Amino acid sequence: MTPQEVDPRQMRARYPDVFDRPASTRLAMPAMIVAAFAILIYGLVDLDFSPSRFFAGLSQLGWISLMMIPPDPGSSLPIYLKALGETLSIALLGTTLAAVFALPVSLLAARNIVPSNILRFPIRRFLDSIRGVDTLIWALVWINVVGLGPFAGVLAIAVSDFGAFGKLFSEAIEGADQKQVEGIRASGGSALHEIRFGLLPQVLPVIAGQVLYFIESNTRSATIIGIVGAGGIGLQLAEQIRVLEWQKVSFLILMILVAVAAIDFISGKLRFAIIGRRAVA
Amino acid sequence: MTVAVSILPEQQLAALNAAYRQAVARRRLRLLVGAAIFAAALVLAAIGAEVNLRTLFTYFGNFVSYFDRILTLDSGQRVWTDVGEWLWGWRKWLKMLGETLLISYVGTLIGATFAFALNFFAAENTSPSPWLRFTVRRLLEFARTVPGIVFALVFVIAFGLGPMAGVLAIAIHSTGALGKLFSEIVENADMKPVEGIRSTGASWLSCMRFAIVPQVTAGYASYALLRFEINVREASVMGFVGAGGIGQELVVAIRKFYYSDVSAILLTIIVTVFIIDITTGWLRGRLFGKEART
């Protein structure tokens, strides 16, 4: 069988929407790419990128990487281990505090519990604004209030996660099945009974999964809030970087990587144990 | 209609009840043990983090009054009574905010480009060789796990103070995060087009270009936009370590107790983050339909 000769003109006539697209749709993609590159070039110029600076920095970076080998804690290993423990403590406590305070507020932000838009709207915006502020900024604020140290870190993580949890929990509650709540109401339960026996059993596993996930991700956040003075291993890391002790720096980074991997592993196992294999948030 | 509830004989009922109680008791015990372990971990953590409830109670008033103070002008009035005075530095702050947005834009674009170049090597189904996949995956993992601000700290020393360090830090972190997400999209791609193109004798590169890329572009763009959103927040604190952007102004205002400036800068950051969130959400909805808006 030989392939049939195709007349291009005939094909053009038969499939106009493939061959003769209007100029606006044909030009949209290239125009977007050109615009993206124009902004990129403008950005590079505006942000003081110059090849000479870039390559000088790169060689400096290569030098630093060489200095980092081999990782060596010197004599401060016990201090670092204590700092790592502090970091894990900050993550655990901060997340727990946030979850405890976020649960009641999330009930108020859920559509199926508080039907009134007027009441829900300010709570949602309030949670959004808290989330819009980075954990590091909260850490700076809390340092002003309770002083330098890990306690400020705990409170910073608690506040910034409060915003995230409030939103996530309220979404979990809105996704819950109303039939069980109606069942409780039909048997004469009060509004609180409805929440306790109708909603919470459905919502708690989801929430537990999210809390565990946040403990995991907060281990990462807790490593950096030390940079502004809120305790934990970030404090040591920032100090060692500033005094250019590169071997200690690489050791600390390795410690963080190992700790994060270990927490990931443990919380992954726990999450499966609590909510089963089905829904991993 | 009457519903007849059949009641089992006493003996059978007792056996069932006993079994039920046992099952419930076992679950309760497990829950209690879990709660006890959790409580013990909390107590340990509280000691480790030097939590002092007395400090908290003594100073909690400070936290509330801190917000009172940042919402008060030097003249003692509330900030919103004199907006001109409150936002006195808006020209400078808007410029710094623009710089912050540029940092995150350039960083995201560079990161996405590198992630795009690397992800085909990291994906299970398209990687040319297992050892290459292993190396690229570990590389991406490293770039993703080390926090962006730690990269920034190191880069500030290597490249000097300024936004360049922030851009590179964000670019590296985005490469790690996006590389993983991109390679997951590739792993979910349909492999039949690849077979079709390979059967015509095409090289690996052509297979990627004509069989995989058309399937994954929408997903890539969606994730890149989401990353841009995250990077705007990240870039707002890069200034804390001297890597450019509005964070520099904020940290100075907080450390030097310029109270009303703190609230003004925070306001501009929150508003910017809102606008970016809404715009990228809308853009993603426009470009890729509702399902890509998660």
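Predicted model, so just to flag it, every value in this text is computed and none were measured. Chain letters run A, B, ... following the sequence lines, proteins first and then strands; every chain starts at 1.
- B:Ile110 CD1 to A:Leu44 CG: the interatomic distance, rounded to the nearest 0.5 Å, is 6.0 Å.
- Environment of CZ in B:Phe274: crowded, with over 12 heavy atoms of neighbouring residues, nucleotides or ligands closer than 6.0 Å.
- Contacts of B:Leu42 with chain A are made by both backbone and side-chain atoms, with heavy-atom separations under 4.5 Å.
- Neither the backbone nor the side chain of A:Ala91 comes within contact range of chain B; no heavy atoms are under 4.5 Å apart.
- Neither the backbone nor the side chain of B:Ala165 comes within less than 4.5 Å of any heavy atom of chain A.
- Separation of atoms OG (B:Ser236) and CG (A:Leu136) is listed at 9.0 Å; rounding is to 0.5 Å.
- Side-chain atoms of B:Val167 and A:Phe49, non-hydrogen and from C-beta on, do get closer than 4.5 Å to each other.
- Residue contact with chain A, scored on non-hydrogen atoms closer than 4.5 Å, involves the backbone and the side chain of B:Ile254 alike.
- Listed in order of number, the residues of residues 155-164 of chain B that approach chain A to under 4.5 Å between heavy atoms are B:Phe155, B:Ile157, B:Ala158, B:Phe159, B:Gly160, B:Leu161, B:Pro163, B:Met164.
- Residue A:Thr223 comes nearest to B:Pro147 through the heavy atom pair OG1-CG, 3.7 Å, listed as atom of the first residue, atom of the second, then distance.
- For the set A:Ile90, A:Leu140, A:Thr87, A:Val146, the entry with the most heavy-atom pairs within less than 4.5 Å of chain B is A:Leu140.
- Applying a 4.5 Å heavy-atom cutoff, the residues of residues 256-264 of chain A that approach chain B are A:Leu257, A:Val260.
- When heavy atoms are compared at a cutoff of 4.5 Å, A:Ser129 approaches chain B by way of both its backbone and its side chain.
- When heavy atoms are compared at a cutoff of 4.5 Å, A:Ile39 approaches chain B by way of both its backbone and its side chain.
- Between A:Ser89 and B:Ala45, the shortest heavy-atom distance links the atoms CB-O, 3.2 Å.
- The backbone N or O of A:Arg131 lies less than 3.5 Å from a partner atom in the side chain of B:Arg233, making a donor-acceptor pair.
- Only the side chain of A:Trp142 comes within contact range of chain B, judged by heavy atoms closer than 4.5 Å.
- Using a 4.5 Å heavy-atom cut-off against chain A, the contacting residues of residues 265-273 of chain B are B:Leu266, B:Ile269, B:Ile270, B:Val273.
- For a heavy-atom cut-off of 4.5 Å, chain A lies close to B:Glu99, B:Leu102, B:Ile103, B:Tyr105, B:Val106 in residues 96-106 of chain B.
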List the steps and the verdict of side chain to side chain contact (heavy atoms under 4.5 Å, CB included) for A:Thr96 and B:Phe38. CA-CA 10 Å; A:Thr96 315; B:Phe38 187 65; 3.8 Å; yes
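- Counting heavy-atom neighbours within 6.0 Å of A:Phe265 CZ, excluding the residue itself, gives a total of 12 or less.
- Between the CG atom in A:Leu93 and the CG atom in B:Leu44 there is a gap of 10.0 Å [rounded to 0.5 Å].
- By the 6.0 Å contact criterion, CZ on A:Phe101 is open, its count of non-hydrogen atoms from other residues, nucleotides or ligands being 12 or less.
- Here the straight-line distance linking atom CZ of B:Phe240 with atom CD1 of A:Ile224 works out to 10.5 Å at 0.5 Å rounding.
- Remark: A:Asn144 CG to B:Tyr259 OH distance equals 6.5 Å, nearest 0.5 Å.
- Contacts of A:Leu40 with chain B are made by both backbone and side-chain atoms, with heavy-atom separations under 4.5 Å.
- Between atom CD1 of residue A:Ile241 and atom CG of residue B:Leu153 there is a gap of 4.5 Å, rounded to the nearest 0.5 Å.
- If you measure heavy-atom distances from A:Leu88 to chain B, you find no contacts under 4.5 Å at all.
- A:Leu61 touches chain B through backbone and side chain together, each having a heavy atom under 4.5 Å away.
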